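Atoms within a ligand are numbered from 1 in the order they appear, just like the ligands themselves. Model, not experiment: these values are computed from the prediction.
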Amino acid sequence: MKSTTSKHTQNETAPKGVTAKSDAAKGLRDLFEDQLKDIYWAEKELTKAIPKMIKNSTSDELIEALTAHLEETKKHVTRLEEAFTVIGVKAQSKKCEAMAGLVREAEEIMEATQPGVVRDAGIILAGQKVEHYEIATYGTLASFAKILGETKAASLLEKTLNEEKAVDQKLSEISNSINVDAVDEDMEMADTHTKR
Ligand SMILES: [Fe+2]
Ligand SMILES: [Fe+2]
């Protein structure tokens with residue numbers, strides 16, 4: 001059975017495997033660079049969005065975590081610039097529609113909630129969505145970098161990935177305590193209400 005597609009024909013005429021392989025490598029490289037530009041835009045956007053989240057938070061622990069992560073986020077921007085340098089590409093940003101949407105959602109949550117435990121919980125929710133997007137992006141980009149032989153870029157991306165994972169974990173811990181307090185307060189209010 002010799003049913004050949006155009007791809008097969010191409011492989012038969014070109015030096016064995018070379019064309020297909022370099023096409024895939026080029027495609028992955030393009031995708032890698034494109035997504036680096038996307039996350040570069042996202043990180044810069046976050047340096048503007050996180051201060052608004054800090055201003056709207058009331059929990060000391062949450063303010064502390066977000067303030068520390070704002071500093072890390074500024075480092076993520078410069079680390080991406082380093083990654084562009086090591087792969088020999090000019091640092092450029094491309095609007096990330098997903099992050100723009102997540103930031104908009106955070107703003108909407110802050111507008112729709114009362115300051116205090118509920119708004120804090122909303123900020124944690126929005127913050128964790130952002131972190132999960134970053135974790136997905138950095139995890140994949142670090143493995144793309146390894147496949148492409150860009151080991152220096154891979155280790156820069158992994159460094160950031162670990163910081164994103166750590167803050168996500170921290171936000172989960174804060175979320176547990178905040179939710180408990182919110183429930184307690186609600187119950188106390190309900191109790192005083194029924195006692196009156
Ligand atoms: Fe980041
Ligand atoms: Fe982050």
Within 45° of the axis and under 6.0 Å from the centre of the six-membered ring of Y40, does NZ or CZ of K44 qualify?
yes
Close side-chain approach of W41 and K94, heavy atoms under 4.5 Å
no
Which single N/O/S atom of E43 lies at minimum distance from the Fe ion (ligand 1)?
OE2
Does the pair R104 and E107 meet the rule for a salt bridge (charged side-chain N to carboxylate O under 4.0 Å, His left out), with working shown?
CA-CA 5 Å; R104 208 180 317 120; E107 280 164 3; over 6 Å; no
Are M99 and M53 joined in one hydrophobic group, where the rule is that I, L, V, M, F, W and Y side chains link up if heavy atoms are under 4.5 Å apart?
yes
Of all the N, O or S atoms in E134, the one nearest to the Fe ion (ligand 1) is OE2
L36: which of V89, T137, L157 passes side-chain contact (heavy atoms from CB on, under 4.5 Å):
L157
Measure from the Fe ion (ligand 1) to each N, O or S atom of E72 and report whether any distance is below 2.8 Å.
no
Could you tell me the angle subtended at the Fe ion (ligand 1) by ND1 of H76 and OE2 of E164, rounded to 10°?
90°
Would you check if the Fe ion (ligand 1) lies under 2.8 Å from any N, O or S atom of H69?
no
